[in-house]
Amino acid sequence: MMKKLTIGNVSLLIAICLFIAMFVGGSIKYDRFGSVSTIFNLFNDNAYLIIVATGMTFVLLTGGIDISVASNLAFTCVLSAFLLDKRWSALVVIPLVLFIGTFAGFLMGYCIQVFKIQPFIITLAGLFFLRGMCAVVSTVSIPINNAFYKSLALSKISFQIGGSRAKLYYYVFIALAVVLIAWFVLKYTKFGRYVYAVGSNEVSAELMGIDVKKVKIAVYAISGFSASLGGFVFSLYTLAGYSLQNMGLELDAISSAVIGGTLLTGGVGTVIGSMFGVLIQGIIQTIVTYQNLNTWWTKVTIAALLCFFIVIQRIIAIRAEKKKA
Amino acid sequence: MATKLLRMEHVNKSFPGVVALNDVEFSLEAGSIHALLGENGAGKSTLIKVLTGVEKMDGGEVYLDGNEIHVTSPFDAQKKGISTVYQEVNLCPDLSVAENIFIGREPKKHGHIDWKKINEDSKELIKEFDLNLDVTKKLGAFPVAVQQMIAIARAVDIKAKILILDEPTSSLSQAEVEKLFDIMRELKKRGLGIVFVTHFLDQVYEVTDTITVLRNGGYVGTYKTDELEKPALIGKMLGKDFDSLAEISVTQREAGENPEKFIDVENAGTAKIKNVSFSLNKGEVSGLSGLLGSGRTETARLLFGADKMTEGHIKIHDKNVSIKNPLDAIRCDIAFCSENRKTEGIIGELSIMDNIIIALQAKRGLMHVVSKKEAAEIADKYIKELNIKTPSRDQKIKNLSGGNQQKVLLARWLATDPELLIMDEPTRGIDIGAKAEIQRIVVDLAKTGMSCLFISSELEEMQRCCNTMYVLRDKKIVDKLSGDNITEANIMKSIAGEGEN
Ligand SMILES: Nc1ncnc2c1ncn2[C@@H]1O[C@H](COP(=O)(O)OP(=O)(O)OP(=O)(O)O)[C@@H](O)[C@H]1O
Ligand SMILES: [Mg+2]
């Protein structure tokens with residue numbers, strides 16, 4: 001049977017192809033670019049963003065938006081660093097911060113659903129609140145010296161390929177597990193399908209007997225959970241908590257999802273796509289670093305490449321749609 | 001006497017400014033088909049919605065199998081065995097056909113959704129409806145009629161005691177309606193109680209056993225179908241005698257002694273239809289007939305610039321014009337009332353008034369704002385003329401009943417005072433009184449020199465209104481009938497392709 005081609009599918013395919021093309025292009029242009037270690041480093045450096053983007057995808061699929069994730073992530077980092085500094089056990093701190101993040105998401109979802117307020121506004125409030133709470137906890141960067149965190153942060157698999165050493169940190173597997181579970185949930189569970197149904201047409205979903213309220217609250221809770229899990233991974237990545245960390249990360253997460261083929265209007269998209277969205281942004285960043293540009297040029301170049309990428313993607317997708325019709 | 005499967009008593013429901021249901025009763029027997037009839041805005045859909053938990057009722061009791069029930073949500077209704085197809089197609093366009101049929105009750109295997117079974121089962125299921133399509137494709141890719149059938153298939157498959165169909169036939173062709181009736185009869189044999197809402201009275205007499213009539217939110221009565229004659233039924237629905245249908249056919253067809261050409265289409269084509277040639281005269285109503293999918297809508301969209309024209313010319317008053325998009329068309333004094341009111345028509349959050357003047361505003365351009373006073377006048381005029389049932393012109397259009405929304409759309413295009421009015425199924429979902437009113441308006445407008453292109457699946461009304469009739473088959477114009485040659489028999493003949501070599 002022919003595999004079906006839909007907007008999401010085409011975009012996903014294009015995202016994967018362009019990722020490969022960029023990788024190949026980079027490998028031709030720069031020495032030492034084309035190696036397993038480059039790919040591994042993409043995962044090492046972006047594991048936390050992959051997690052956040054996965055949670056974000058759930059929200060976007062219902063046609064909502066959650067711009068509080070960066071603050072949520074930062075708050076998780078700062079709070080865990082603070083508590084660990086006070087000699088709390090890691091086994092208490094981790095579940096606690098995950099719970100707080102999830103609960104914050106739940107609360108926002110609850111307000112959005114019950115008081116029928118625009119998600120943008122509520123999560124904007126969440127953004128300010130959580131960022132403010134970071135500063136309440138501490139305005140200076142707190143290093144994490146906890147032994148458990150340290151050992152987790154540094155354990156990795158590494159092996160020799162060709163002339164170079166490639167390492168993959170353990171926390172990358174957390175990200176991969178999240179993507180895998182999310183993919184399964186979205187495709188093979190009732191809840192997952194309801195997410196698509198709600199995003200596709202909320203009124204219809206309700207009339208078909210779906211509990212729209214529950215679904216919508218749940219996706220914000222999921223987004224909150226993945227933001228705080230992303231925060232946990234990020235604190236392993238930096239081994240510190242700082243209140244101004246990751247400003248604007250929510251936009252990275254949203255743009256990753258869009259690049260991966262998720263429509264902001266809801267109903268279309270996949271978490272695999274969002275993961276590739278993150279990797280594409282990551283590889284753009286790597287290329288810019290190889291080119292040795294100063295930091296501001298990095299931003300400009302990323303912006304230009306992103307534009308270019310999205311335009312290319314739309315052109316190809318529109319072509320594909322036309323051909324089908 | 002059979003058992004009362006469902007009984008609703010003293011049902012009340014008000015919306016701000018509107019009493020939608022006032023002490024209504026309704027009872028349904030197992031193994032019967034029960035028609036729920038009434039004018040647009042009579043409260044039929046509202047009665048269904050309070051029964052299935054979409055709206056909360058203000059007062060009243062509901063008994064299922066003799067036990068009082070309180071339905072809290074559509075999901076709850078489904079669980080209690082009430083399966084519903086609501087008036088507007090209510091499915092999810094981004095999900096696959098199969099999924100739309102099964103969502104909410106997916107089969108599982110080892111704790112996860114069994115996609116293979118969903119796809120196979122739904123293929124089986126839609127075969128019963130004579131549909132043969134790729135169930136893994138997105139629902140949104142299919143025409144409204146197919147979506148409607150799928151919505152019905154979904155409702156039928158749910159193990160239910162009661163099946164409610166709110167105007168399921170409004171976008172179906174004759175063959176599909178027959179198929180649906182077969183299925184309804186089959187379900188009736190199995191002991192289901194079926195509630196059937198429609199504005200097609202012929203269909204009422206074809207399948208139903210009992211009729212309940214509502215008028216203005218009030219209960220009029222319940223009758224045995226074979227004991228209530230059609231004129232009496234119409235009288236009960238409208239609350240007065242009805243004879244204007246007779247008048248209209250007389251006033252017709254005198255128009256156009258020496259007609260002046262308005263528009264000429266030569267070998268035009270879009271991505272969806274090729275080689276279209278025809279012309280429309282001023283002061284005439286022309287019809288397009290043909291089966292679903294024969295290219296009627298495509299032809300209309302071509303004229304209005306809604307699909308990009310890739311070949312051929314259009315001449316208006318013998319001058320070449322280029323119509324690249326709907327705005328060009330509006331500026332050429334062409335108006336198009338689409339068949340797809342939900343997606344291409346109403347703007348739910350705006351008021352009736354804003355919905356009416358929006359096309360006029362576009363035509364005048366943003367520099368010439370339609371003043372508040374003028375807008376109010378226009379809106380009030382059409383609310384009165386088309387008998388739109390609403391407490392005020394400031395009501396949000398999404399709060400109107402289906403048929404009344406359709407009237408607002410028609411008003412939108414009439415307000416632009418076009419030279420050519422294209423109407424694609426303008427009377428869909430409209431009650432019999434308003435239908436006659438719309439037909440009369442169309443004929444009257446034509447008399448004042450407008451040309452109309454009228455698309456309808458109801459041959460009877462086409463026959464009554466049209467001066468000329470183009471018949472389409474397989475995306476081609478195959479015949480042109482005019483004057484007294486426009487008869488149902490002739491149209492059917494050319495649709496079927498008889499009398500050709
Ligand atoms: N959500 C709402 N808010 C305000 N008024 C409403 C709402 N829903 C329905 N109404 C009003 O209630 C009345 C009954 O509407 P209903 O949809 O039941 O009519 P109907 O009999 O189904 O008509 P149709 O044949 O046009 O579908 C109408 O006057 C309508 O304007
Ligand atoms: Mg209705």
Side-chain angles (χ1 to χ4, degrees), chain A residues 1-11 60-63 116 118 180-181 183-215 261-270 318-325, chain B residues 48-49 52-54 72-80 82-97 99-115 118-119 134-141 147 151 154-155 158 166 271-272 307 342-343 348 398:
Chain A
M1 200 179 76
M2 254 262 293
K3 201 84 180 102
K4 60 176 176 165
L5 280 183
T6 60
I7 307 174
N9 259 319
V10 175
S11 301
L60 296 179
L61 279 176
T62 63
K116 305 254 178 282
Q118 286 294 316
L180 213 64
I181 292 169
W183 171 79
F184 181 85
V185 166
L186 283 176
K187 180 131 176 95
Y188 289 104
T189 67
K190 283 189 173 203
F191 170 74
R193 301 320 295 172
Y194 292 177
V195 168
Y196 283 95
V198 169
S200 179
N201 186 336
E202 202 177 316
V203 179
S204 301
E206 176 119 40
L207 292 180
M208 288 203 276
I210 291 172
D211 195 339
V212 173
K213 229 184 234 172
K214 255 192 220 154
V215 172
T262 301
L263 290 187
L264 291 182
T265 43
V268 178
T270 58
I318 290 168
R319 286 257 165 88
E321 288 280 295
K322 272 221 182 110
K323 242 186 216 139
K324 216 173 33 160
Chain B
I48 290 166
K49 283 185 187 156
T52 58
V54 179
T72 52
S73 69
F75 181 57
D76 192 29
Q78 265 180 36
K79 271 197 306 199
K80 293 193 161 86
I82 305 173
S83 173
T84 315
V85 178
Y86 295 93
Q87 186 165 2
E88 311 286 344
V89 179
N90 271 298
L91 298 172
C92 294
D94 289 317
L95 302 186
S96 74
V97 171
E99 214 178 344
N100 267 294
I101 293 175
F102 276 100
I103 198 158
R105 55 204 172 88
E106 297 88 345
K108 288 195 167 182
K109 198 168 79 183
H110 311 305
H112 64 74
I113 295 177
D114 189 350
W115 279 106
I118 287 185
N119 289 337
D134 182 357
V135 294
T136 60
K137 260 185 132 166
K138 283 192 180 189
L139 180 82
Q147 297 189 17
R154 171 189 164 82
I158 293 175
D166 194 351
K272 294 182 203 143
D307 291 329
K342 191 114 171 257
T343 52
K398 67 170 187 190

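Naming: A, B, ... by sequence-line order, numbering from 1 per chain.
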Looking at [X] and [Y], what are the two nearest heavy atoms and their distance?
{"X": "I103(B)", "Y": "A197(A)", "result": "CD1-CB, 3.6 Å"}
{"X": "N201(A)", "Y": "C92(B)", "result": "O-SG, 4.1 Å"}
{"X": "Q78(B)", "Y": "M208(A)", "result": "NE2-O, 3.0 Å"}

Top residue by heavy-atom pair count (under 4.5 Å) with chain A, among V54(B), D94(B), N100(B)?
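The option with the most such pairs is D94(B).
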Within this structure, what is the [atom1]-[atom2] distance for the pair [X] and [Y], rounded to the nearest 0.5 Å?
{"X": "L207(A)", "Y": "T52(B)", "atom1": "CG", "atom2": "OG1", "value": "7.5 Å"}
{"X": "Y194(A)", "Y": "L95(B)", "atom1": "OH", "atom2": "CG", "value": "11.5 Å"}
{"X": "I118(B)", "Y": "R193(A)", "atom1": "CD1", "atom2": "CZ", "value": "8.5 Å"}

Near K80(B) NZ, under 6.0 Å, is it more than 12 heavy atoms from other residues, nucleotides or ligands?
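Atom NZ in K80(B) is crowded, with more than 12 foreign heavy atoms closer than 6.0 Å.
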E206(A) (side chain) donor-acceptor with P74(B) (main chain) under 3.5 angstrom:
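No; zero donor-acceptor contacts below 3.5 Å.
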Go through the atoms of D114(B) and report whether side chain, backbone, both or neither lie under 4.5 Å from a heavy atom of chain A.
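Neither part.
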With side chain to side chain contact (heavy atoms under 4.5 Å, CB included) as the criterion, how do K138(B) and V268(A) come out once you've worked through the C-alpha distance, each side chain's angles and the decisive distance to 0.1 Å?
CA-CA 11 Å; K138(B) 283 192 180 189; V268(A) 178; 3.6 Å; yes
